[in-house]
Amino acid sequence: MKHFLKETDLQPQELGEVFSLAREFKRKRGRHAPPVLSGQTWALIFAKSSTRTRVSFEVGINELGGHPLFLNRGDLQLGRGESIEDTARVLSRFVHGIVIRTFDHADVERLAAASGVPVVNGLTDFLHPCQVYADAFTAAERWAGPDGDLVAALRGRKIAFLGDTSFNMANSWILGASLFGMRISLAGPRGFEPGARIREQLRSEGRTVDFEFTEDPLEAVRGADVVYTDVWASMGQEEQAEARIARMRPYTVTAGLFAAARPDALFMHCLPAHPGEEVEQAVLDNPRSIIFDEAENRLHVQKAILSVLAASRGV
Ligand code: CP
Ligand code: NVA
């Protein structure tokens with residue numbers, strides 16, 4: 001049985017399988033969906049807001065023949081102090097898989113350790129692997145063309161990540177870059193650079209990644225194939241928003257900054273966006289902005305991830 005808590009939980013050949021299946025699901029949407037989750041119920045435990053993750057998982061599980069069961073963390077006994085381990089043990093007696101969005105990544109690891117069914121990370125403060133798989137697929141679709149090798153299309157490409165380079169999206173892109181064979185250059189203010197935890201994650205997995213941090217946004221975007229940004233105040237950081245905006249202002253992805261990347265560079269953002277803060281509206285509207293393809297591909301890629309996890313359970 002497999003869990004998907006971080007990008008590197010799938011082997012390189014499974015990544016290829018996920019991308020090919022996602023391409024197939026996207027092409028055949030509405031015509032054919034193998035009911036690999038037929039008769040299954042998947043619990044979705046959410047401790048934070050969500051539009052894309054919740055809806056794409058609910059729709060995706062339905063399209064694979066399964067039944068999604070949305071659970072607000074606060075409505076569960078978990079919210080009143082029942083342990084994560086007991087929650088995992090009990091849910092495992094009822095459901096065939098669990099998707100969880102919460103704050104502390106360690107909670108997701110504890111849930112998975114005590115669970116008898118696959119657990120999928122729907123975002124923690126540390127990582128957002130479903131997003132990065134969908135993002136990488138979205139860029140690869142553009143670069144590989146309709147029949148090209150999606151995994152090979154990513155190798156050697158450079159991504160520039162701007163703004164808050166210390167939180168889930170930046171961490172996930174660092175780990176993702178190590179898996180995809182991409183180079184990553186991150187630019188943000190001091191105090192918001194990639195932290196010890198992601199470096200330790202790379203070290204513990206014996207991974208090398210061509211990754212650099214700079215305070216100069218122009219240096220980061222030079223030669224980049226993708227310019228990526230995320231909100232400056234993530235969920236749970238709302239009270240720090242004003243201070244963060246003041247520090248991160250030099251890292252707004254303006255039309256001028258985007259123009260300093262490669263002429264064919266793509267603009268990407270996990271969404272939701274705050275136009276006028278981390279990115280100018282003109283960049284969101286640029287023909288090379290692929291933000292809504294990224295959002296759509298959450299559905300196709302997550303259906304592929306669920307199919308691979310379901311196969312790993314032998315169901
Ligand atoms: N990108 C993303 O995960 O969006 P939601 O917070 O809407 O799920
Ligand atoms: N960094 C953002 C990502 C949202 C998808 C957050 O955690 O709020």
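Residues: numbered from 1 along the sequence shown. In each ligand, atom 1 is the first atom listed, and ligand 1 is the first ligand listed.
For ligand 1, residues of the protein lying within 4.0 angstrom by heavy-atom distance are S50, T51, R52, T53, R101, H128, Q131, C270, L271, R298.
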Begin from the C-alpha positions of E294 and R52 and carry the test salt bridge (Lys or Arg N to Asp or Glu O under 4.0 Å) through to its verdict. CA-CA 10 Å; E294 290 174 76; R52 282 144 287 266; over 6 Å; no

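The backbone N or O of E278 lies less than 3.5 Å from no partner atom in the side chain of R249, so there is not a single donor-acceptor pair.
The neighbour count for E242 CD, taken as heavy atoms of other residues, nucleotides or ligands under 6.0 Å away, does not exceed 12.
Looking at E141, Q131, R23 one by one, the single match for side-chain contact (heavy atoms from CB on, under 4.5 Å) with N297 turns out to be E141. Among the candidates M235, Q237, H105, K48, the single residue satisfying the side-chain contact (heavy atoms from CB on, under 4.5 Å) test with D125 is K48. Each of D264, D293, D225 was evaluated against R142; a single residue qualifies, D293, per the side chain to side chain donor-acceptor pair (under 3.5 Å) test.
A cation-pi arrangement is absent between R244 and F192, since the terminal nitrogen or guanidinium carbon is not both under 6.0 Å from the aromatic centre and inside a 45° cone about the axis. F70 carries R54 over the face of its six-membered ring, with the cationic atom under 6.0 Å from the centre and within 45° of the normal.
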Extract all N/O-N/O pairs under 3.5 Å that connect ligand 2 to the protein, and present each with both atom names and the distance rounded to 0.1 Å.
residue: ligand 2; atom: 1 (N); partner: N168; partner atom: OD1; Å: 2.9
residue: ligand 2; atom: 1 (N); partner: D230; partner atom: OD2; Å: 2.6
residue: ligand 2; atom: 1 (N); partner: S234; partner atom: OG; Å: 2.7
residue: ligand 2; atom: 7 (O); partner: N168; partner atom: ND2; Å: 2.9
residue: ligand 2; atom: 8 (O); partner: M235; partner atom: N; Å: 2.8

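Side-chain polar atoms of R298 and T53 form a donor-acceptor pair below 3.5 angstrom.
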